[in-house]
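Step one of this worksheet: look at the structure below.
Chain letters run A, B, ... following the sequence lines, proteins first, then strands; residues in each count from 1. Side-chain atoms are counted along with the backbone in the values below, which use heavy atoms only and exclude waters and symmetry mates. Quick caveat, the model's predicted, so the values are computed rather than measured.
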Number of protein chains: 2
Amino acid sequence: MTIELSDKVARNVPTLASIAERVGVSVNTVSRALRAPHTVRIELRRQINAAMEELNYVPNRLAGGLSGTRSDIVGVVVTSLYYSEFANIIDTLQSALLEHDLQVMLANTRYNADQELRLVRSILSWRPAAVAIIGVDHPPKVVELLKAADIPIIEMWDTGGEVIDTAVGFDHARVGAAQANHLIGQGYRRLAFVGSVRENDKRAQKRLSGLETAAAAAGLPDIVKHTAQQGGSPELGERLATELLQRHPEIDAIACNSDVVAFGVLRALRKLGRRVPEDIGVIGFGDNEAASCVSPSLTTVRPDRELIGKLTAEAIVARINDAKPYTAPVEWELIVRESTAR
Amino acid sequence: MTIELSDKVARNVPTLASIAERVGVSVNTVSRALRAPHTVRIELRRQINAAMEELNYVPNRLAGGLSGTRSDIVGVVVTSLYYSEFANIIDTLQSALLEHDLQVMLANTRYNADQELRLVRSILSWRPAAVAIIGVDHPPKVVELLKAADIPIIEMWDTGGEVIDTAVGFDHARVGAAQANHLIGQGYRRLAFVGSVRENDKRAQKRLSGLETAAAAAGLPDIVKHTAQQGGSPELGERLATELLQRHPEIDAIACNSDVVAFGVLRALRKLGRRVPEDIGVIGFGDNEAASCVSPSLTTVRPDRELIGKLTAEAIVARINDAKPYTAPVEWELIVRESTAR
DNA sequence: TTGAAAGCGCTACCAT
DNA sequence: ATGGTAGCGCTTTCAA
């Protein structure tokens, strides 16, 4: 359903030339008045500024980017915008980049690999100064394109794999292990994993494998998995938990792939009459803003999203300024609340 | 702390000319092979495509935008990215625009009017094909710039005011009135308003005035307001509610400016030993994903964010294709849950 | 301190 | 079906 967009336009927007003509100087002088004010006579500068103000002049950065050496765009590729999973990263990243006059161009792959390729291509076509992208697992062609672009590439959120250039994040397998070990430490023995796991959500798979490894190391039986492809929501969590316990009533702890799903799991358990944390423990991931407000309050893992956004902005600036590629580990925290506190 | 970004670069990225040279045709032919394939001999086309693939060619849209008539960028200006307030709008908007090869350039004002001006200027400097922006209340200079840009401007989320061009949203005063009338219908009489209200959050102010008008119409005493400038969070809600009831123990219903704040209010009431909904009613705004999962579950208002995103994309395309400006009203729904169900 | 001219990579228009 | 040429609006030498 791609509709052809009309091609007219020819908007009558003022250019440097309009300003130059109006003031009676060359285009060049106007350009310098903007980029290097001190090289222009003060009186002239005043007139130029006045003309710009009056005509509502806004520089054309397409032209500037084409002509100059940098485009001042930073491409940001996320896998999801739902339920604030990455919203806070984008928030801090965007604010920090603004300090350097870098503009965020946003793309959302929705956990779809084909979409990721298409979007990366699209973003690169704007000749960004850098690209920040969620995760370290990309289709080969995406990696090839990103490398060929010859600009800083910052991989965010996950550091558990091969990095293209620079990475800011944490190891998701260790998160899974920590979740398992916490549950085991609380005396839970029959663990299950529940949630929305999209085909392309490698981070979820890494957390799961961390859980499995830790459970095996503790001599526990295999973790029972019950996941779905659809997006995470309380409704999904409620359904999955109900189905899970029907088939596996022995389960005494549920690790959820996201807090939003865990909320639904808690609701299911309430309806089933299972006491949390006495009969069964629940742990989430993400530290949703409501995790401390449900009852029982939810034990979960809090990744420091603000820090990731901030460090990513720093990495972008550093790499643009020719710093060496590096990997910045970001802390996360297991927050124990009522849902596992028995 | 604006650091000067280094100005080198001179990346060696393939251009149309590289492809043309390699295949032995003119730049023009390569360009047409991309934009109008059927005008190029099939055999030549094949060679051109092969060369592009091999060199990892990515078109330079800065050049295309400068040369052509459109830039295919859509500027999106939001007031917040926190707690998914607008994340779902951006999500659907971005996906829908992708179908038309329009790219989202994102800016977040964080409810700051100066920032809004700066960001709008910055966005316009990319010569976007259209701008979508939250709200209808902007500083005069912003309105002037947006009008002068002579492109479609879609104002989202709020329709309660003077529209620049086209708007997609709802009337927040009516939401406030509906909240008040619901509370009154449930028998609550001493209403309070609590939450984070940023200086520049005109929507919150409109909802509040809707509440006040409805309360006055019902002959109730004035609504007690207790708000803060800082961002909304459960912690803020807990604090504000505690302080409020200390000073005004007669309050029997609290309208919150956001669900996240309401979660904290519920927690405060639990600690204070006030029964919800028997002693005191609580209503939120926004239908946060956890609103149905807290206990008691939260009565709130659900704006249709996905629809706003979708209709905004439609409006952008329609306006680019010279449709007349219009205002698209979007429904919202008052969802009654336990927190007011007495 | 200012200006002229070339060129960034592409599209549009006119020839051939 | 293909190519030549002239810009788009800016930055960047190099002269004046």
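Considering only heavy atoms from C-beta on, T312(B) stays 4.5 Å or farther from L97(B) through its side chain. The closest side-chain heavy-atom distance from L307(B) to V168(B) is not below 4.5 Å. Taking the side chain as every heavy atom from C-beta outward, L98(A) and R118(B) approach each other to under 4.5 Å.
For the segment residues 52-61 of chain A, the set of residues with a heavy atom within less than 4.0 Å of an atom of DNA chain C is empty.
Considering only side-chain N and O atoms, R32(A) lies nowhere under 4.0 angstrom from the phosphate OP1 or OP2 of dT1(C). Remark: T29(B) is not in phosphate contact with dT2(D), judged by side-chain N or O atoms under 4.0 Å from OP1 or OP2.
I19(B) has its CD1 atom 13 Å from the C1' atom of dC10(C), to the nearest Å. Residue L62(B) contributes atom CG, which lies 14 Å from atom C1' of dT11(C) at whole-angstrom precision. R127(B) places its CZ atom 9 Å from the C1' atom of dG9(D), with the value rounded to the nearest Å. Atom CH2 in W126(B) sits about 12 Å away from atom C1' in dC10(D), given to the nearest Å. Atoms CZ (R45(A)) and P (dT2(C)) sit 10 Å apart, rounded to a whole Å. Between I48(A) atom CD1 and dG3(C) atom C1' there is a gap of 13 Å when expressed in whole angstrom units. Rounded to whole angstrom, the span from the CG atom of L16(A) across to the C1' atom of dC8(D) amounts to 13 Å.
Of the candidates D165(B), I316(B), L124(B), I154(B), L124(B) is the only one forming a side chain to side chain contact (heavy atoms under 4.5 Å, CB included) with V131(B).
Looking at T92(B) and S95(B), their side chains never bring a donor and an acceptor atom within 3.5 Å of each other.
Contacts of S80(A) classified as side-chain contact (heavy atoms from CB on, under 4.5 Å), with partners at least two apart in sequence or in another chain: Y82(A), E85(A), F86(A), Y111(A).
The CZ atom of R198(A) sits 10.5 Å away from the CG atom of N112(A) when rounded to the nearest 0.5 Å. T166(B) contributes atom OG1, which lies 12.0 Å from atom CG of L311(B) (distance to the nearest 0.5 angstrom). In this structure, CG in L102(B) is found 10.5 Å from CD in E99(B), a value given to the nearest 0.5 Å.
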All N/O contacts under 3.5 Å from nucleotides 5-7 of chain C to the protein, with atom names and distances to one decimal?
| unit_1 | atom_1 | unit_2 | atom_2 | d |
| --- | --- | --- | --- | --- |
| dG7(C) | N2 | S67(A) | OG | 3.1 |

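When distances run from any side-chain atom of R41(B) to the nucleotides dA12(C), dT12(D), dT2(D), the shortest one goes to dT2(D). Out of dC8(D), dT11(C), dT2(C), the shortest distance to the side chain of L66(B) is found at dC8(D). Of the candidate nucleotides dG3(C), dT2(D), dT11(C), dT11(C) has the atom nearest to the side chain of S31(B). Picking from dG3(D), dT12(D), dT11(C) the nucleotide with the shortest atom distance to the side chain of R35(A) gives dT12(D).
Checking A63(B) against V40(B), the closest nucleotide of DNA chain D that is more toward the 5' end is the one next to V40(B).
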